[in-house]
Amino acid sequence: MARVVKRGTKVASGADAALLCDNEPSLTDRAYSILEEMIVTLKLRPGAAVSEARLSQTLGIGRTPIREALQRLARERLVTILPRRGIIVSEINVKSQLRLLEVRREVERLIARSAARRALPAERARFAEIARIFEQSAKSDDETTFIRVDREFNELCSRSARNEFGAGAMTLMHSLSRRFWFIHYQEAADMPATAKLHANIARAIARGDEDAAARALDRLIDEIDKFTRATVGADT
């Protein structure tokens, strides 16, 4: 994941500065990032059985960080931990995905507005850069870059909003949404259009425009809702 703050960048002092400058991921964070991407991009497919020992050997990370990462993934409903039976990558349910979008719209609108209001200068600069990366991934139709920068964008939104309750709710929803998109985008979604919609949100936050950020967020969720229904012709 790209760094949020470059070396030598001056930011606000105090707790915010400490948060921004803490860029070294723990082994648990590293294990989570790798496993989350493997699940989202279908290297670990829905229904697949996984084990701590096998993942530890494959990734070269100790079992304790792997276990902690899997527990986080279980909270996000990407895996199901069955006591004494093993760990299963969660299946996908379209109707659940639509219910998730109802909540996601309200939470992300709050996060987008709050980030536009509270982001630090270094964070605004990174939002502007992320917008450029989204635009470039749209031009090159590069889904891997889009998936990776989307995760950073979500995490930066959560930090910049400075609302731990909204951030917690947002975290629980995004990986499921990213995986659903990756599975179905070739049949029903327009990746370049989706990347541009993300870029619009990032630019609005970068310039501190709360209303524009909220409007851009609503347009994105509208598109995702349409895409989700198109995957199966869902009727709710």
Side-chain angles (χ1 to χ4, degrees), residues 1-4 22-81 86-93 97 100 104 108 126 129-130 133-134 136-138 140-159 167-187 189 191-192 194-195 197-199 201-202 220 224 227-228 231:
M1 179 183 298
R3 292 169 64 100
V4 174
D22 183 13
N23 291 302
E24 294 301 324
S26 68
L27 282 175
T28 297
D29 290 337
R30 182 181 166 209
Y32 168 81
S33 294
I34 294 171
L35 291 174
E36 193 263 1
E37 184 169 309
M38 289 174 72
I39 293 171
V40 166
T41 59
L42 306 185
K43 292 180 176 67
L44 291 174
R45 300 189 67 85
V50 298
S51 73
E52 291 177 10
R54 189 161 61 246
L55 290 172
S56 176
Q57 183 177 26
T58 300
L59 302 182
I61 298 175
R63 290 187 64 170
T64 296
I66 294 291
R67 182 180 306 116
E68 292 170 349
L70 287 169
Q71 289 169 348
R72 179 175 170 185
L73 290 164
R75 290 194 295 272
E76 296 175 8
R77 302 192 179 191
L78 283 176
V79 302
T80 301
I81 299 175
I87 302 163
I88 305 296
V89 178
S90 300
E91 298 285 355
I92 293 171
N93 182 293
Q97 192 72 24
L100 180 150
R104 182 178 163 186
E108 286 199 40
R126 185 58 188 162
E129 178 61 23
I130 284 173
I133 297 171
F134 276 136
Q136 184 57 48
S137 70
S140 58
D141 201 13
D142 182 352
E143 74 272 8
T144 300
T145 295
F146 171 74
I147 283 285
R148 288 176 176 168
V149 77
D150 180 50
R151 183 171 63 192
E152 183 192 353
F153 172 64
N154 295 334
E155 292 173 352
L156 184 57
C157 283
S158 294
R159 286 197 300 275
M170 185 172 169
T171 297
L172 291 173
M173 294 184 286
H174 265 290
S175 292
L176 285 172
S177 294
R178 279 156 31 82
R179 181 177 66 159
F180 187 90
W181 182 90
F182 192 88
I183 287 173
H184 294 291
Y185 86 94
Q186 289 183 324
E187 66 194 53
M191 194 286 284
T194 302
L197 289 168
H198 279 77
I201 303 170
L220 173 63
I224 294 172
F227 151 67
T228 302
T231 62

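Source: prediction; values computed, not measured. Counting begins at 1 with the first residue of the sequence.
Arg178 has its side chain within reach of Asn154: a pair of non-hydrogen atoms, C-beta onward, lies under 4.5 Å apart. The shortest side-chain heavy-atom distance between Phe227 and Thr194 does not fall under the 4.5 Å cut-off. Annotation: side chain of Ser90 is in contact with side chain of Arg179 (closest heavy-atom distance under 4.5 Å). The side-chain heavy atoms of Thr145 and Gln136, taken from C-beta on, include no pair separated by under 4.5 Å. Phe153 is listed as a side-chain neighbour of Asp150, based on a closest heavy-atom distance under 4.5 Å. In this structure, the side chains of Arg151 and Glu155 come closer than 4.5 Å at one or more pairs of heavy atoms. Side-chain atoms of Leu73 and Ile87, non-hydrogen and from C-beta on, never get closer than 4.5 Å to each other.
Partners of Glu129 by salt bridge (charged side-chain N to carboxylate O under 4.0 Å, His left out), not counting sequence neighbours, listed by chain and number: Arg132. Judged as a side chain to side chain donor-acceptor pair (under 3.5 Å), and not counting sequence neighbours, Ser140 has no contacts. Checked against side chain to side chain contact (heavy atoms under 4.5 Å, CB included), Arg45 has the following partners two or more places apart in sequence or in another chain: Leu42. Shown here are the side chain to side chain contact (heavy atoms under 4.5 Å, CB included) partners of Ala199, two or more places apart in sequence or in another chain: Ala131, Phe134, Glu135, Arg203. With sequence neighbours excluded, the residues that form a salt bridge (charged side-chain N to carboxylate O under 4.0 Å, His left out) with Arg104 are Glu108.
With hydrogens and angles left out, the side-chain atoms of Gln97 and Thr228 include no donor and acceptor closer than 3.5 Å.
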Identify every side-chain donor-acceptor pair in residues 56-65 under 3.5 Å, counting partners at least two apart or on other chains, and give the distances.
from	atom 1	to	atom 2	distance (Å)
Ser56	OG	Ile61	O	2.5
Thr58	OG1	Arg54	O	2.9

_What verdict does the side-chain contact (heavy atoms from CB on, under 4.5 Å) test give for Glu152 and Arg148, after you've listed the backbone C-alpha separation in whole Å, the side-chain angles of each residue and the deciding distance to 0.1 Å?_
CA-CA 7 Å; Glu152 183 192 353; Arg148 288 176 176 168; over 6 Å; no
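Judged by distance alone, with hydrogens and angles left aside, the side-chain atoms of Arg75 form no donor-acceptor pair with the main-chain N or O of Leu172 at under 3.5 Å.
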